[in-house]
Undergrad: 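Below is the structure I would like to discuss, written out as C-alpha cells.
So that the names make sense, note that chain A is the first sequence line, chain B the second, and so on, each numbered from 1. Hydrogens, waters and symmetry mates are skipped; everything else that's a heavy atom, side chains included, is used.
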Amino acid sequence: LRLKGEDVIMIGGSDEHGVPITLKAKREGITPQDVVDKYHNIIKDSFERFGISFDIYSRTTSETHYETASDFFKTLYVNGKFIEKESEQYYDEVAGQFLADRYITGTCPHCHSEGAYGDQCEKCGTSLNATDLVNPKSVISGSQPVMRNTKHWYLPLDQHEESLRKWILEDHKEWKSNVYGQCKSWLDMGLQPRAVSRDLDWGVPVPVKGADGKVLYVWFDAPIGYISATKELTPDWEKYWKSDDCRMIHFIGKDNIVFHCIVFPAMLSAEGSYILPDNVPANEFLNLEGDKISTSRNWAVWLHEYLEDFKGKEDVLRYVLTATAPETKDNDFTWRDFQARNNNELVAVFGNFVNRVTVLTQKYYNGAVPALGELTDFDRETMLDIPQIVERTEELLNTFHFRDALREAMNLARLGNKYLADTEPWKLIKSDAERVKTIMHISIQITANLAILMEPFLPFTARKLQNMINLGKQDWNICGSMEILAEGHIINEPTLLFDKIEDTEIEAQLSKLAKTKTDNAASTAVANPAKENVSFDDFGKIDIRVGKIIEAEKVPKTKKLLKLKVDTGIDQRTVVSGIAEYFEPEAIIGRQVSILVNLAPREIKGIVSQGMILMAEDANGALHFISPADNIKPGSEVR
RNA sequence: CGCGGGGUAGAGCAGUUUGGUAGCUCGUCGGGCUCAUAACCCGGAGGUCGAGGGUUCAAGUCCCUCCCCCGCAACCA
C-alpha cells in the first residue's frame, strides 16, 4: 500500500511489562529495565536490518506510553467505565506479593483432603474460593499467607458483549475463520469483567489516589502501546486513531486473538473516541524443525545470528517465511526447505530469468534496450498476462493472502522463463536479428516489472535489480506496463541476484540446533530453593516403599494419566499417575518404583488413586522414575 | 469435560460454501532442448483426501461417531 502512495503507518513495539521479565531479572540479579533494554534493542535492530519498515518500533516502558496509558485509564475511570471491587486476598509476606488462587494450597473444607488449590479441590471437584481453604499455604514460599485488603478495577466486558457481537459476527464476516471462530466462541460463552490492575511493582502505576503498589495489568497497557507509539511518531496521531476512514489492521499470532478482537476493542469503545480494528488476520504458529520455537530454550533462529551466517541473504529468509507462513495452520520451518526454496525457486526461477535477460542484452546490444518491432500473437498474449499477474498479486496482498501473493508474483518470473524458452532468441539471433530485438525488449520489460513487483516481498533484491537495470525510483502503479524502460536505455553489467546455498551451510545450522538440544538436556537449570525445614517427626510420618508395577493402562480421554496396579509388598493397589506423556504402559510393567503409600486416597477421573509414584522431573519437564539401583523386594522401606 | 482452527502425494498448500475425472508450487524418474546459477517442453511414478459408519447413481465435499496436532478456557499475558 505504501508503495502505491497511500498514507500508511506501521506501528510496532515491545511489550515490556510481562511478569516473566521480573522473574528473569530477579534470577540474573539485574533490574527489569536492564532485561527489556537488552531485548528491545536486539529486536528493534533485527527488524531494521531485515527491511521491515516500521515507521516506529517503540516500547511500553517509554515515557509517552506511561502518560498515554495513565490518561487512558483516567478517562475510563472518571467516566465510570470500570467496576471497582474490593476484596480480601491472600498475601505472601515472605515473597512479598499477593497470590493468585492457584498459588495457594490447603485443606479442602468439604472433603478435608490435603492439597486442594485455591480455585478447586481436585478430589471432590468442588470449586472453591481461596478463602475457604483450611490451613492455606503459599506455593511460592511455603509460608502461611495472610489476608490483606486489596482493591482492583475491572473492565466490564459483559457490558460490551452486544456491541462486540454485532461488530464482529455481523459486520466482519470476512475475517479469517480462525479469528472469527475464536471470537464467536468467546462471545457465545459470555464475557466476564476482567481486572485491569494488579499488585505488582513492575508496570504502569494505576493513576488513582490510594493505588500505591498497583500497576495496570499487562494486557491493559500493552495494546495502548500502539497508540503511544503513534504519538511518538507524529503529533498528527489522532488522524490515524480517530477518523472513520482510517483502517487499522493488527498483525498477530493466534494466541493473541482474544486480546486484539475482544478486549482491546472493548477498551477502545469504552473510551469512545477511537476507531476499532478493521481486520485482524492472525496467523497460526510456526515451528522450527518440528519443535515449538522457544527463545528461553534457545530453540530459535536468531536474526542477528542469521545475518552473520548468511550475509546479504535477508531476502532469502523473508521469502521462505512468506512462502511457508502459517496462514491457515501451524507450519514447520526446516533448513532443508529453506535451502530448497532458495536453490529451486529464488536461484533457478527468479535469479535465473533475470540473469538470462541481462546477459543476453549485454551480449547482443551492449546493454542497450532494443527497439520493439512487430508483435506476434504470442507476444501479445504474454504482454496481456503481465498486468493480470500484477493485479492478482495486488488483490491477494490487499486481502492478506501473502503466501499466495508471493507465489503469484513469482509467476511473473515463470512467465518470463517460458517466454524466452518458447521464443528461443539465442537461435533466432543467427537468422532473424530484428525479431530478437522485439523478444528482448519484451523480456526486459518483464524484468523491470519484476523489479517493482517484488519490492514488498524482497526489498533488498528489488533494489539490487533496480540498480542493475538502471531503473530510477518508480511508482508502484507503473507496474504492469510494458514501457517501463525506453528503447536505448542502458542497463548495467549483470550480477547474480541469489547464490546457491550449499549442503555444508545447512548442515552447520542443523548441528547448531542439535547442539542446543544437547545443551538444554545437560543444563542443570538453576535448582529451586529448598523448602522450609520440617521436623524429624513430620518426616517420619511419610511412608515410602519400593513397589513394582504389575499392570498399566492408559486412562481414557486423558493425555497424561496412567492407571497402574502396584505391588507394594503390603498389598496391591491402584495408583493413577500423570506420566503417560513419557511412558508407554507396556514398557513399564515389571518396573521397580518408589511409592508413597500413606498418601490420602484421592479420586482422579473417577478412579481412586491410593498413593503416589515418586518421579524426578528434569529441565525439559520429562519424568524419570526413582527406582532402587538393585532389584529388591516390594515393601522395602525407603528412608 | 467444554470451545476454536487444522489433518489432502516426499515437502508446502488449494479444492469442502453449491456432491460429478483430486489439483497447484517444489522435489523425484525418463526423454527433448540448451542463452542461463538448467529454465522451458513432453511423458511417468507417487494419494485408502486422519479412521469408521451413513445418505446418494455418485462423497475430499453432506450427516453421525471417533482419533491425532495446535491454540483458547481453570483471573498466563
Side-chain angles (χ1 to χ4, degrees), chain A residues 15 17-21 89 100-102 117-120 122 125 127 130 152 154 176-189 192-196 198 217-223 253-259 263 282-287 292 320 323-334 336-337 340-364 401 403-404 406-408 410-411 413-429 436 440 443 494 496-500 557-559 605:
Chain A
D15 159 25
H17 289 137
V19 177
I21 290 168
Q89 253 189 30
D101 286 345
R102 58 178 185 158
Y117 289 100
D119 52 349
Q120 193 182 21
E122 288 183 6
S127 47
H152 284 293
Y154 289 74
K176 288 176 65 173
S177 59
N178 57 345
V179 179
Y180 188 87
Q182 180 85 68
C183 291
K184 185 167 188 312
S185 151
W186 267 72
L187 290 167
D188 288 348
M189 243 182 319
Q192 303 296 321
R194 247 185 123 95
V196 302
R198 253 208 143 177
Y217 220 172
V218 183
W219 64 257
F220 186 84
D221 101 278
K254 66 174 163 185
D255 55 336
N256 257 318
I257 291 173
V258 64
F259 287 94
V263 178
N283 275 337
E284 301 285 304
F285 285 168
L286 184 69
N287 293 324
K292 211 176 275 197
V320 174
T324 60
E327 287 179 0
T328 49
K329 67 176 177 192
D330 289 0
N331 215 335
D332 201 20
F333 176 91
T334 66
R336 291 283 169 208
D337 181 62
R341 286 189 185 274
N342 177 74
N343 292 355
N344 302 328
E345 295 176 30
L346 288 179
V347 173
V349 176
F350 183 18
N352 186 40
F353 170 69
V354 170
N355 193 42
R356 297 169 88 175
V357 173
T358 49
V359 165
L360 289 179
T361 305
Q362 283 299 337
K363 199 193 269 184
Y364 299 156
H401 295 92
R403 200 170 51 190
D404 294 335
L406 176 58
R407 187 180 331 180
E408 190 61 38
M410 284 296 283
N411 279 341
R414 293 194 181 93
L415 180 79
N417 272 321
K418 184 162 160 49
Y419 179 73
L420 279 185
D422 289 347
T423 53
E424 300 183 309
W426 51 91
K427 274 189 183 167
L428 283 176
I429 191 73
V436 173
M440 290 313 298
S443 303
L496 295 179
L497 288 181
F498 303 100
D499 297 311
K500 282 213 169 180
K557 306 205 182 223
T558 64
K559 228 175 10 185
K605 287 278 159 202

Undergrad: Taking pairing as Watson-Crick or G-U wobble with both contacts under 3.5 Å, can you name the mate of B/rA39, or confirm there isn't one?
TA: none
Undergrad: Do A/Asn411 and A/Arg414 have side-chain atoms, one donor and one acceptor, less than 3.5 Å apart?
TA: yes
Undergrad: Reckon A/Lys184 touches a base, only the sugar-phosphate, or nothing at all at heavy-atom distances under 4.0 Å?
TA: nothing
Undergrad: Polar-atom pairs under 3.5 Å, protein N or O versus N or O of nucleotides 27-32 of chain B: list them with distances, or write none.
TA:
none

Undergrad: Determine whether a donor-acceptor pair (N or O, by modelled atom type, separation under 3.5 Å) exists between the side chain of A/Asn344 and the backbone of A/Ala340.
TA: yes
Undergrad: Between B/rU18 and B/rG4, how far is it from one C1' atom to the other, in whole Å?
TA: 25 Å
Undergrad: With sequence neighbours excluded, what pairs up with A/Ala282 under the side-chain contact (heavy atoms from CB on, under 4.5 Å) test?
TA: A/Val179, A/Ile252, A/Ile257
Undergrad: Mind checking the P distance from B/rG53 to B/rU61? Whole angstroms is fine.
TA: 14 Å
Undergrad: So for A/Arg356 and B/rC35, does any side-chain atom that can act as donor or acceptor lie under 3.5 Å from a complementary atom in the base?
TA: yes
Undergrad: Polar pairs (N or O, both sides) under 3.5 Å between protein and nucleotides 5-8 of chain B?
TA:
none

Undergrad: Please give the distance between the P atoms of B/rA11 and B/rC57 as a whole number of Å.
TA: 37 Å
Undergrad: Suppose we screen for ring-ring contact (aromatic ring centres under 6.0 Å, His included). Which residues come up paired with A/Phe353, at least two apart in sequence or across chains?
TA: none
Undergrad: Distance between the C1' atoms of B/rU25 and B/rC68, in whole angstroms?
TA: 27 Å
Undergrad: In sequence, state the C-alpha distance, the side-chain angles, and the governing distance for A/Val357 and A/Leu420, and then conclude on side chain to side chain contact (heavy atoms under 4.5 Å, CB included).
TA: CA-CA 9 Å; A/Val357 173; A/Leu420 279 185; 4.1 Å; yes
Undergrad: Please confirm whether the backbone N or O of A/Arg403 pairs with a side-chain atom of A/Glu327, one donor and one acceptor, at under 3.5 Å?
TA: yes
Undergrad: Whole-Å distance between B/rG4 C1' and A/Phe285 CZ?
TA: 13 Å
Undergrad: In this structure, how many angstroms lie between the P atom of B/rA36 and the CE atom of A/Met440, rounded?
TA: 13 Å
Undergrad: Between B/rG15 and B/rU8, how far apart are the P atoms? Round to whole Å, please.
TA: 14 Å
Undergrad: What contact category does A/Phe498 fall into here, base, sugar-phosphate, or nothing, at under 4.0 angstrom with non-hydrogen atoms?
TA: base
Undergrad: Reckon A/Asn417 touches a base, only the sugar-phosphate, or nothing at all at heavy-atom distances under 4.0 Å?
TA: sugar-phosphate
Undergrad: Between the protein and nucleotides 61-65 of chain B, are there any N/O to N/O pairs under 3.5 Å, and if so, what are the atom names and distances?
TA:
none

Undergrad: Rounding to an integer number of Å, can you tell me how far A/Glu408 CD sits from B/rC24 C1'?
TA: 11 Å
Undergrad: Please check this pair: side chain of A/Asn417 against backbone of A/Val349, looking for a donor-acceptor N/O pair closer than 3.5 Å.
TA: yes
Undergrad: Strictly by Watson-Crick or wobble contacts shorter than 3.5 Å, is anything paired with B/rU48, and which nucleotide is it?
TA: none
Undergrad: Give the C-alpha distance, both sets of side-chain angles, the deciding distance and a yes or no for side chain to side chain contact (heavy atoms under 4.5 Å, CB included) between A/Trp219 and A/Arg194.
TA: CA-CA 10 Å; A/Trp219 64 257; A/Arg194 247 185 123 95; 3.7 Å; yes
Undergrad: Have a look at A/Ala348 and say if it touches a base, only the backbone sugar-phosphate, or nothing, with a 4.0 Å heavy-atom cut-off.
TA: sugar-phosphate
Undergrad: Just the rounded figure in Å: distance from P of B/rG4 to OH of A/Tyr180.
TA: 13 Å
Undergrad: Roughly, in whole Å, what's the span from CD1 in A/Ile257 to P in B/rC3?
TA: 18 Å
Undergrad: Would you mind classifying the nucleic acid contact of A/Arg341 as base, sugar-phosphate or nothing, using non-hydrogen atoms under 4.0 angstrom?
TA: sugar-phosphate
Undergrad: When you measure from the side chain of A/Lys363, which nucleotide among B/rU37, B/rC35, B/rG12 comes out closest?
TA: B/rC35
Undergrad: Determine, step by step, whether A/Asn352 and A/Val347 satisfy the side chain to side chain contact (heavy atoms under 4.5 Å, CB included) criterion, reporting the C-alpha distance in whole Å, the side-chain angles of both residues, the deciding distance to 0.1 Å, and the verdict.
TA: CA-CA 6 Å; A/Asn352 186 40; A/Val347 173; 6.0 Å; no
Undergrad: To the nearest angstrom, how far is A/Lys500 atom NZ from B/rA36 atom P?
TA: 15 Å
Undergrad: Only pairs with both distances under 3.5 Å count, Watson-Crick or wobble alike; so what is the partner of B/rG2 in this structure?
TA: B/rC72
Undergrad: Under a 3.5 Å cut-off for both contacts, is B/rA59 paired Watson-Crick or G-U wobble with anything, and if yes, with which nucleotide?
TA: none
Undergrad: Without decimals, in angstroms, what is the distance between A/Asn256 CG and B/rC72 C1'?
TA: 12 Å
Undergrad: What integer number of Å spans the C1' atoms of B/rG7 and B/rA14?
TA: 15 Å
Undergrad: Measuring only the P atom in each nucleotide, how far is B/rG31 from B/rA36? A whole number of Å is fine.
TA: 22 Å
Undergrad: Each nucleotide N or O in nucleotides 41-47 of chain B that has a protein N or O under 3.5 Å away: list the pair and distance.
TA:
none

Undergrad: Reckon A/Leu497 touches a base, only the sugar-phosphate, or nothing at all at heavy-atom distances under 4.0 Å?
TA: base
Undergrad: Mind checking the C1' distance from B/rU48 to B/rA9? Whole angstroms is fine.
TA: 13 Å
Undergrad: Can you tell me if A/Asn342 uses its side chain to pair, donor with acceptor, with the backbone of A/Asp499 under 3.5 Å?
TA: yes
Undergrad: In terms of side-chain heavy atoms of A/Leu496, which of B/rC72, B/rU37, B/rA77 is nearest?
TA: B/rU37
Undergrad: Rounded off to whole Å, could you give me the CG-to-P distance for the A/Asp332 and B/rG12 pair?
TA: 7 Å
